[in-house]
Structures are given as structure tokens and as C-alpha cells.
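Below is one structure, written out as C-alpha cells, with a few remarks after it.
Throughout, numbering of the chain's residues begins at 1 and tracks the sequence. Everything numeric in this text was worked out from a predicted model, so none of it was measured.
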Amino acid sequence: MEKIEHTMVATNGINMHVASIGTGPVVLFLHGFPELWYSWRHQLLYLSSLGYRCIAPDLRGYGDTDAPPSPASYTAFHIVGDLVALLDQLGIEQVFLVGHDWGAMMAWYFCWFRPDRIKAAINLSVPFLPRNPASDFAHGFGALFGNDYYFCRFQEPGEAEEDFACVDTAILMKKFFSIFGPNPLMIPKEVGVRGLPTPDALPSWLTEEDINYYATKFKRTGFTGGLNYYRASHLNWELTAPWTGLQIKVPAKFIVGDQDIVYNIPGIKEYISDGGFKRDVPCLQDVVLMEGVFHFINQEKADEISAHIYEFINKF
């Protein structure tokens, strides 16, 4: 871990913290919520040892990267703009792109907007979700699950932050890393995150040192930056209207656990297996379903995910 370099890069009007290691073709890793560059620590070490230059930023709003306060500053255009500017600053023409959770969402947007900069994409947990002209994500989830569903509960600025502040940050991280299972995540307003179970022990893939790293960063920054991705979802829906129906033409691989919260949303399994995903991403070359695996797949099954990434990008 001490070989990983940490730098600050001025990009798209913000200062971005970037972790990097290795030399060779570039692999760009995009983390999700509530995570940091650190979520890719295993993949950075694995792939850099096999001849790749691995780059994992703290995305806008997270960790040591700047966090503009307004949700309107967190659209897919801002995030992809940050990443294009980062590559330009580093003199990198094309990358292999790897994303998880919101990072996967942003990776799909990156492939949609700027396929010229992507050699191939490997996304975890979240498949490409084509724009629905009739409804944005928050309204869609509200219709499916009701307004206690976590995605809906995160919409109101300040509300989730106030709720999170009632729980010690390290305990909150332990809750988050253990709750994104196959059942819909409901956070009723009257009980909030205090009502979510706290695991008696950490899973084997997570240490107290890991928890403390996340907790220290989020204790300093708060969660507003990460929550603003959820709050920008309606604006994303409005702004991406011109892309409705447009396919993603980048070579792609998708990996998900069968216990993942996203995989178990009604309709997602069928979309992945019955041809909808392949229709929207015609260069989708491989879908891997990992049995008994939950949401934080790149940490839970670190070596297997690293091997899957290497096996795919090594073809190009």
C-alpha cells in the first residue's frame, strides 16, 4: 500500500485527489457510495503488478477531492467532465474503465458521452440502465418501493445528513457495508439509520483498519458530496434526454453478485438475462453472476474481481 502515490490534480474547476501505482496501459477505477479510492486498493496492487498503470480518484464530493455544496454540481456531465479533464491533465488518451455502484453509473455515462476515450469497460453491480422517457430513478423507485426506500430518502438536502449524524461514523460505515443485500433497503423516517442492524462482527473481507480509514475521511467531509449523486438524478434525467435510446458501443463486461441489492430490483435480472442489456450495449462480451456475493463485490471477492478485470482487458 505504501507504494501507492497520492497526488492532487486540478481538473474541471475542482482539485481532485488521485491514487495511482504502476506503469503501462491505464486502468481508471471509479468508486461508489459510501466509498473512496480506497475501495480499489486490492485491484490497484494486483493489476499494477501485472503491467498496468492503475488510477483511482476520490470522485467529486468524496475524500480529499473538492466537494461543491449544490446537488446541481453533481450531474453525470460534471463527473465525466472531471474525468476527461483528469486524463487530459495526465496526458492519457484512452483508458480501460472500471466502475462499481455510482462509479459504474458514471462509467456507463462516460461510455455514452465519450466512447473515444474508453478502450473497454468493466462494470460491477450496476448494469447500464437506459433512460426511461417517462420517469427518473427516484420516481421509479418510489413507485416500486415507497418513499422509505433509501434512494428516495436521500433526495431531500440535509435530511439524511442529520440522520447520519446521530450515529458514530465508524458504526455507520459498518452498517453500510453489511446492509446492501438482496432485500430493498428501507430507512423509515421515524427511526432512520439507527434502526439499521449493526453487525456483531466485520465480514472477513473488511478490517477495523479499513473501517477507520473510511470513517476518518467521512467524519471530516460529511456525506453531502456522496448524497448529491442521488439528488442530481432528476437533473441527469432531464439533461440526458437527447441520448434517449442511444446504444453504448464500447466493449464491455459486467459482474454482479446474486445477493446484490441492485440485481434484486424487480426487472433487473430479466433485463440482464433476457436480451435487453445486450440490446442496449451491443458490445457486451461477458456477464458474470457470482453466487452468494453481495454488493461490495470488489472488496468482498477482491482477487476474483481483479482476475476477471485482467482476463478481460488483457484481450485488447
Side-chain angles (χ1 to χ4, degrees), residues 25-33 35 39-52 54-56 95-112 115 118-130 177-183 203-206 247-316:
V26 178
V27 187
L28 178 64
F29 295 90
L30 311 181
H31 67 80
F33 177 90
E35 299 180 86
S39 303
W40 298 109
R41 59 198 177 281
H42 306 295
Q43 287 76 31
L44 293 182
L45 299 177
Y46 185 105
L47 288 159
S48 63
S49 74
L50 293 172
Y52 290 89
C54 298
I55 298 174
V95 296
F96 294 110
L97 189 61
V98 182
H100 170 253
D101 187 76
W102 271 108
M105 286 280 290
M106 294 301 152
W108 293 121
Y109 281 124
F110 200 160
C111 294
W112 228 17
I118 314 298
K119 291 181 193 170
I122 303 96
N123 277 323
L124 316 178
S125 178
V126 180
F128 175 62
L129 300 171
F177 281 125
S178 65
I179 57 175
F180 286 92
N183 298 318
S204 59
W205 49 270
L206 206 55
Q247 293 175 316
I248 284 180
K249 298 288 183 70
V250 170
K253 177 172 182 166
F254 178 67
I255 310 170
V256 67
D258 67 356
Q259 302 299 301
D260 192 303
I261 186 171
V262 180
Y263 185 66
N264 287 280
I265 292 170
I268 293 290
K269 292 176 188 175
E270 294 76 13
Y271 173 69
I272 291 170
S273 62
D274 294 351
F277 192 9
K278 180 72 173 173
R279 179 195 65 230
D280 295 330
V281 187
C283 300
L284 180 67
Q285 296 183 13
D286 196 11
V287 172
V288 178
L289 180 64
M290 298 180 76
E291 288 186 17
V293 179
F294 289 75
H295 181 66
F296 296 97
I297 191 168
N298 48 325
Q299 297 183 79
E300 184 181 347
K301 295 293 179 185
D303 287 349
E304 291 97 316
I305 293 299
S306 297
H308 274 299
I309 294 168
Y310 176 69
E311 177 265 331
F312 186 62
I313 65 179
N314 196 39
K315 296 176 184 176
F316 295 90

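- Residues Pro127 and Val256 form no side-chain contact, since every pair of their non-hydrogen atoms from C-beta on lies 4.5 Å or further apart.
- Listed for the Lys253 side chain is a donor-acceptor partner under 3.5 Å among the backbone atoms of His308.
- Taking the six-membered ring for Trp and thresholds of 30 and 60 degrees, Trp205 and Phe177 have ring planes more than 60 degrees apart, a perpendicular arrangement.
- Considering only heavy atoms from C-beta on, Glu35 stays 4.5 Å or farther from Trp102 through its side chain.
- In this structure, Leu129 and Met105 have side chains that are in contact, with non-hydrogen atoms separated by less than 4.5 Å.
- Cys54 and Leu44 make their closest contact through CB-CD2, 3.4 Å (heavy atoms, listed as atom of the first residue, atom of the second, distance).
- In this structure, Tyr52 and Phe96 have perpendicular ring planes: the angle between them is above 60°, well past the 30° mark.
- For the residue pair Glu300 and Gly292, the shortest heavy atom distance occurs at OE2-O, 3.9 Å.
- The minimum heavy-atom distance linking Asp101 with Gly32 is given by the pair OD2-CA, 3.5 Å.
- Aromatic ring orientation, Tyr109 versus Trp112: tilted (interplanar angle from 30° to 60°).
- The closest donor-acceptor contact from the side chain of Trp108 to the backbone of Gly99 lies at 3.5 Å or more, if one exists at all.
- By the 4.5 Å heavy-atom criterion applied to side chains, Pro282 and Gln247 are counted as neighbours.
- Minimum interatomic distance between Leu289 and Gly257 (heavy atoms only, all atoms of both residues): CD1-C, 4.1 Å.
- At a threshold of 4.5 Å between non-hydrogen side-chain atoms, the residues Asp280 and Tyr271 count as touching.
- Looking only at side-chain heavy atoms (C-beta outward), Phe128 and Phe254 stay at 4.5 Å or farther from each other.
- Using a distance-only test at 3.5 Å, with no hydrogens or angles considered, no donor-acceptor pair links the side chain of His42 to the main chain of Lys301.
- Qualifying side-chain contact (heavy atoms from CB on, under 4.5 Å) partners for Ser306, counting only residues two or more places apart in sequence or in other chains: Gln43, Tyr46.
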